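Report on one structure; see the data block that follows.
Being a predicted model, the structure only gives us computed values, none of them experimental. Below, read A as the first sequence line, B as the second, and so on, with proteins coming before strands; counting in each chain starts at 1.
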Amino acid sequence: MSKIIEGLYYSESHEYVKVEGNIGFIGISDYAQHELGDVVYVDMPEVDDEVSAGEEFGAVESVKAASDLISPVSGTVVEINEALEDEPGLVNKDSYENWIIKVELSDESELEKLMNAEAYKAFIGE
Amino acid sequence: MAENKRTCLYDKHLELGALMSPFAGFDMPIQYSNIVTEHNAVRNEVGVFDVSHMGEVEITGPEAEKFVNYIFTNDITDAPEGKIFYGMMLYPDGGTVDDLLVYKVAENDLFLVINAGNIDKDVAWINEQAAKFDVKVDHQSDYYGQLAVQGPESEKALLDVLKIDGSDLVFYTFKKMEYDGETIIVSRTGYTGEDGFEIYASHAAINKMWDLLIAAGVQPCGLGCRDTLRFEVGLPLYGDELTAEISPIMATLGIFVKLDKGDFIGRDACAKQKEEGSAKKLVGLELKDKAIARHGYEVLQGEKVVGYVTTGYRGISVDKSLAFALVDREAGALGNELSVRIRKKVFPCEVVKKRFYKKSYKK
């Protein structure tokens with residue numbers, strides 16, 4: 001049973017957004033980290049890069065495969081989780097605690113197109 | 001689309017909760033727990049793999065040795081019974097039909113072990129070449145199941161759990177023995193860089209041995225760690241490092257190509273490549289970053305594309321980001337600074353030896 005947190009927004013490609021003010025914390029869901037297996041590398045953008053909803057902004061790599069990260073929202077990267085550079089496996093330990101990038105949201109209405117916890121739970125079939 | 005084939009242990013994999021995935025036309029277990037755990041079990045203790053998807057062909061008849069020498073790159077002339085050879089079958093242009101093992105069973109009796117994904121192609125190829133020789137080609141893939149028991153404790157596991165004594169076998173030798181009322185083949189071979197054994201037997205016997213090994217606590221291992229294990233010790237995988245376009249000379253496996261043994265298919269092409277230097281060669285790459293170079297990614301020297309990645313991983317026993325790549329020969333000199341394009345970025349790397357981790361065979 002995957003962990004799903006109330007109050008977050010989820011995408012069909014299994015990223016989440018946690019919103020605080022106009023900042024979105026973007027990471028991958030617990031379901032996604034479990035499906036991937038041991039994460040050995042997280043490819044992240046740089047601070048001040050622009051990300052767009054529906055577009056790739058990096059990748060999470062497990063031993064076996066690389067999986068693109070698709071941004072659920074548009075905005076400007078204000079911080080990347082540097083801890084993941086040395087310890088990518090943190091994503092497996094707690095993917096919600098260990099977000100990947102922080103984005104200053106440029107269009108908060110995009111959040112409405114994402115799933116809430118209940119809808120995401122149904123989406124992954126749990 | 002045709003349904004994937006299943007090995008005789010398919011139901012056992014499901015019972016163990018394996019992640020199953022299509023490979024070479026079969027539904028195969030990729031992992032049971034996770035790749036790192038299974039990889040480390042083989043490096044440090046012992047693990048068991050279902051490799052029943054591999055194909056088997058037995059060649060007999062008055063010209064069996066002559067014939068196999070004609071389609072195979074290694075030299076089996078007058079080999080002692082019980083010896084095993086690694087080599088390739090080649091096309092006339094030097095491209096690789098398959099890489100395989102040849103077991104010398106008896107005089108003019110040779111047992112070939114071929115890759116699962118190439119079974120149909122290989123059997124057709126062998127039959128086509130056999131027309132000119134006095135031999136019988138017997139395709140036995142449907143009869144044999146196969147287990148690979150691999151790791152430093154594999155000899156002990158065979159003895160304690162299966163009552164099979166492999167202590168008299170050295171690396172790349174085999175014996176036939178009786179097990180449960182049938183004749184099985186036990187060889188000291190593998191695809192992990194560790195000491196280990198491969199067992200060929202009927203589906204019933206393979207199921208029985210698998211159950212005993214699992215019940216005794218031997219780690220079941222999937223194809224995921226089979227690939228990371230073989231990669232770290234520099235072993236090629238057909239489809240990645242050897243293909244119809246990649247000759248063994250290009251793959252730097254010339255040691256298995258015996259140019260002076262007499263004529264064989266692909267000999268002249270290999271001799272030419274060896275003499276003149278092949279246009280492409282397979283090299284090892286060590287990335288300076290943690291990014292992982294995957295199959296098909298471009299390799300660059302400066303701005304110029306000089307080749308592509310054939311296999312790449314974050315090493316498990318070696319904590320580095322490593323790859324094999326097929327590159328232009330001049331670009332592939334040891335110590336050269338190249339780079340790999342990974343998604344939108346370019347990561348620097350150095351040409352290194354392909355053997356990233358030391359093999360531990362029982363010679």
Side-chain angles (χ1 to χ4, degrees), chain A residues 1-2 13-15 26 28 30-52 54-71 77 80-93 95 98 100-101 124-126, chain B residues 17-23 28-40 42-43 221-232 237 240 287-297 309 311-323 340-347 349:
Chain A
M1 195 75 177
S2 306
S13 48
H14 307 288
E15 291 84 9
I26 299 174
I28 63 169
D30 184 51
Y31 175 83
Q33 72 74 20
H34 183 76
E35 288 291 299
L36 275 167
D38 295 313
V39 173
V40 290
Y41 178 69
V42 184
D43 184 3
M44 294 180 278
E46 285 170 18
V47 170
D48 291 336
D49 281 359
E50 297 288 324
V51 298
S52 303
E55 287 188 15
E56 179 234 311
F57 70 89
V60 183
E61 303 226 21
S62 66
V63 174
K64 196 67 202 157
S67 179
D68 283 345
L69 288 163
I70 310 293
S71 187
V77 178
I80 63 169
N81 188 351
E82 286 175 3
L84 299 180
E85 288 175 354
D86 291 329
E87 212 180 331
L90 288 171
V91 171
N92 296 111
K93 281 190 185 136
S95 70
N98 297 290
I100 295 168
I101 55 170
I124 60 174
E126 289 187 355
Chain B
L19 171 67
M20 304 294 288
S21 185
F23 176 83
M28 294 298 290
I30 300 303
Q31 61 187 53
Y32 301 84
S33 52
N34 65 69
I35 292 174
V36 176
T37 301
E38 294 169 21
H39 177 109
N40 287 331
V42 172
R43 285 273 183 264
C221 294
L223 294 187
C225 77
R226 190 168 154 84
D227 204 43
T228 56
L229 288 159
R230 69 92 190 168
F231 168 74
E232 285 184 340
L237 173 65
D240 288 342
L287 279 77
K288 300 180 193 312
D289 203 276
K290 283 187 178 176
I292 300 165
R294 305 281 183 185
H295 178 91
Y297 290 4
V309 172
T311 304
Y313 282 109
R314 177 90 203 158
I316 295 173
S317 304
V318 190
D319 190 20
K320 290 172 180 168
S321 182
L322 304 164
V340 182
R341 192 191 306 283
I342 301 176
R343 290 174 292 275
K344 292 169 188 165
K345 298 175 207 164
V346 168
F347 292 89
C349 61

Inset, instruction - Under 4.5 Å, counting heavy-atom pairs only, tell me which of B:A291, B:C225, B:G224 racks up the most with chain A. - result: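 Highest number of pairs under 4.5 Å: B:A291.
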Inset, instruction - Side chain from CB out, backbone as N, CA, C, O: work out which of these in B:F347 comes under 4.5 Å of a heavy atom of chain A, or both, or neither. - result: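 The answer is the side chain of B:F347.
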Legend entry - Region of B:L19 that comes under 4.5 Å of a non-hydrogen atom in chain A: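 No part of B:L19 comes within 4.5 Å of chain A.
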Distance-only donor-acceptor pairs under 3.5 Å across chain A and chain B:
from, atom 1, to, atom 2, distance (Å)
A:D43, OD1, B:K345, NZ, 2.6
A:D43, OD2, B:R343, NE, 2.9
A:D43, OD2, B:R343, NH2, 3.1
A:M44, O, B:K345, NZ, 3.0
A:E61, OE1, B:R294, NE, 2.9
A:E61, OE1, B:R294, NH2, 2.7
A:E61, OE2, B:R343, NH1, 3.3
A:E61, OE2, B:R343, NH2, 3.1
A:S62, O, B:R294, NH2, 2.7
A:V63, O, B:R294, NH1, 3.0
A:K64, O, B:R294, NH1, 3.3
A:K64, NZ, B:Y313, OH, 3.0
A:A65, O, B:R294, NH2, 3.3
A:E85, O, B:K290, NZ, 3.0
A:D86, O, B:K290, NZ, 3.2

